[in-house]
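Okay, structure first, notes after.
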Amino acid sequence: EPEVTQTPSHQVTQMGQEVILRCVPISNHLYFYWYRQILGQKVEFLVSFYNNEISEKSEIFDDQFSVERPDGSNFTLKIRSTKLEDSAMYFCASSEDRTGSGELFFGEGSRLTVL
Amino acid sequence: RKEVEQDPGPFNVPEGATVAFNCTYSNSASQSFFWYRQDCRKEPKLLMSVYSSGNEDGRFTAQLNRASQYISLLIRDSKLSDSATYLCVVNGPNTDKLIFGTGTRLQVFP
């Protein structure tokens with residue numbers, strides 16, 4: 001069964017460091033997303049990406065965040081200068097159709113711990 | 001008012017029990033509705049979409065009341081493997097964003 005894969009599964013970093021989280025979406029999907037979940041809280045939307053550009057972003061997704069699809073398979077989330085409050089589980093997701101009409105497939109997540 | 005509101009639980013029920021979860025949403029223009037399931041420290045997985053006419057998938061029944069902005073999930077004949085957090089999820093018009101509730105935790109015991 002095709003799946004979304006994410007690396008690393010867990011990353012520990014010092015405050016102020018740059019972090020890149022990587023994702024390989026399902027191959028025939030066209031829409032890509034990043035969500036995050038702070039421990040004990042709800043899943044929150046960060047950004048959606050379609051046709052090689054950001055289609056929507058939340059207020060959380062400020063100038064410290066960026067996304068890229070550097071080749072035909074990877075989809076990355078970069079946090080330029082991490083803060084303590086960036087500690088969370090980051091989920092990548094992909095879908096064939098826009099969110100409302102199709103199922104979102106999530107990866108297993110990358111746990112980021114900022115010290 | 002929260003965008004999507006759920007009773008956090010936990011709901012502790014014996015195997016075989018019927019359990020119902022409720023959810024309310026604030027944006028009357030919301031168009032798509034879902035129940036996702038999330039196991040502890042795992043990713044959310046789609047359980048079922050929710051349609052205006054109501055829909056059933058095996059032991060699971062979902063209902064939508066647009067007038068009251070209310071969504072429900074009924075689980076019949078609970079199994080131990082149903083133990084998880086159930087997330088009510090809403091998608092508005094002209095947006096890619098899924099809005100998640102905080103989830104309702106279900107624990108099924110033998």
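Quick note: numbers below take in every heavy atom, side chains included, and nothing from hydrogens, waters or symmetry partners.
Ion pairing between a basic and an acidic side chain is recognised when a charged N comes within 4.0 Å of a carboxylate O; D77(B) and K79(B) show such pairing.
In this structure, no portion of Q41(A) lies under 4.5 Å from any heavy atom of chain B. Residue E44(A): no heavy atom, backbone or side chain, is found under 4.5 Å from chain B. Of the two parts of L46(A), neither the backbone nor the side chain holds a non-hydrogen atom closer than 4.5 Å to a non-hydrogen atom of chain B. Of the two parts of D39(B), neither the backbone nor the side chain holds a non-hydrogen atom closer than 4.5 Å to a non-hydrogen atom of chain A.
The candidate with the highest count of non-hydrogen atom pairs below 4.5 Å against chain B, out of F105(A), F106(A), F45(A), is F106(A). Contact tally against chain A (heavy-atom pairs below 4.5 Å) for Q38(B), K42(B), K45(B), Q31(B): the top residue is Q38(B).
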Take S110(A) and H10(A) through the test side-chain hydrogen bond (donor to acceptor under 3.5 Å, both in side chains) and record every step on the way to the result.
-> CA-CA 5 Å; S110(A) 292; H10(A) 189 192; over 6 Å; no
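In the hydrophobic clustering of ILVMFWY residues, with side-chain heavy atoms under 4.5 Å counting as a link, L112(A) and M89(A) come out apart.
The local environment of CD in Q11(A) is crowded, with over 12 non-hydrogen atoms from other residues, nucleotides or ligands closer than 6.0 Å.
Side-chain contact annotation: N22(B) with S72(B), donor-acceptor N/O pair under 3.5 Å absent.
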